[in-house]
Amino acid sequence: MEGIVLLGGGGDAAAEQEAWTRFLACQGKILYWPFALGEPPLSGAPSWFASQLRALGGADREFDTWMSLDAHDPGELVDYAVLCVGGGNTFSLLDHVRRHGFLPAVRDWVERGGAYYGGSAGAILATSSIAIAEVADPNDVGLVDLAGLGLLPTRGLLPHFDTSQIGRARLLSARLATPILGLPENSGLLLDSSEIRVLGPASATLVSGEAITEYPAGSPIPVADLS
């Protein structure tokens, strides 16, 4: 994988400042996909995104918002340096992206050097399976194939995490037969060709059975620990 992948726990730009600052450092046009939100919040997404960029000194950054993929082709991704995929219903997000042929296209685009940022549902989409979304989202679209982008080699990324959810994470770990990586709203992950690193400021928490491992900001997470 030649590009970079940045994943956020589901906070705003201030909470996930480390992740947002890194994708803002990438030169080129930004593409924003907010369509997992559904209506009515979807209509306000472009102005919200612009306000988040301004808060981090990115008021002059050029970006496009695709409110859906209906009028777009995967080949258009070459016009962008950064793809930002926001939160909402993860099942609807995966269904929409897959039906329009963008799942393999996004993987290829990242391999050619694109920068992917995913927050909340967008972060889960980056994993090998979105099955964990069942804890928060209804599968109204009836998805059976839950395979995601596979940019992060885990089936167990849990955004919006705090330590009160340790018990739920243990249950999920047993049900999905995988370690659960809890990512708070004020934390993030950086993936590149060589490692997975916690951006912070908050720690990521790995729950595997009775074992709990904290990964503070700046620390690497061994890929083997996620499977």
Minimal non-hydrogen separation, [X] against [Y], with atom names:
X    : Y    : answer
A15  : E185 : CB-O, 3.6 Å
A36  : G86  : CB-O, 4.4 Å
L56  : A13  : CD1-CB, 3.8 Å
H100 : P74  : O-CG, 3.8 Å
P179 : L206 : CB-CD1, 3.9 Å
S208 : S173 : CA-OG, 3.9 Å

Heavy atoms, side chains only, cut-off 4.5 Å: are [X] and [Y] in contact?
X    : Y    : answer
T127 : I132 : no
Y215 : D225 : yes
V207 : L172 : no
L24  : I30  : yes
L94  : L143 : yes
F91  : I124 : no

Worksheet item: Would you call K29-D79 a salt bridge at under 4.0 Å N-O?
Response: no

With no hydrogens and no angle check, is any side-chain donor or acceptor of [X] less than 3.5 Å from a backbone partner on [Y]?
X    : Y    : value
D137 : T90  : yes
S128 : G150 : no
H96  : L69  : yes
E18  : S187 : no
W109 : Y80  : yes
R98  : A147 : yes
N186 : G11  : no
R22  : Q17  : no

Worksheet item: For the residue pair W20 and Y117, is the inter-centroid distance of their aromatic rings smaller than 6.0 Å?
Response: yes

Discussion item. As a quick check of understanding, evaluate side chain to side chain contact (heavy atoms under 4.5 Å, CB included) for R170 and I212, giving each step before the final call.
Written reply: CA-CA 9 Å; R170 284 193 171 121; I212 300 173; 3.3 Å; yes

Practice prompt. May I ask you to decide if the ring planes of F49 and Y32 are parallel, tilted or perpendicular, using 30° and 60° as cut-offs?
Written response: parallel

Practice prompt. Just say parallel, tilted or perpendicular for the rings of W33 and F102, cut-offs at 30° and 60°.
Written response: perpendicular

Discussion item. Taking CD in Q27 as the centre, count heavy atoms belonging to other residues, nucleotides or ligands within less than 6.0 Å. Is the count above 12?
Written reply: no

Discussion item. Test side chain to side chain contact (heavy atoms under 4.5 Å, CB included) on C26 and I4; report intermediate values, then the result.
Written reply: CA-CA 10 Å; C26 298; I4 63 168; 4.2 Å; yes

Worksheet item: V5 and L149: side chain to side chain contact (heavy atoms under 4.5 Å, CB included), yes or no, with the steps?
Response: CA-CA 11 Å; V5 178; L149 288 166; over 6 Å; no

Practice prompt. Apply side chain to side chain contact (heavy atoms under 4.5 Å, CB included) to Y116 and L125, showing your working.
Written response: CA-CA 11 Å; Y116 178 96; L125 181 68; 3.7 Å; yes

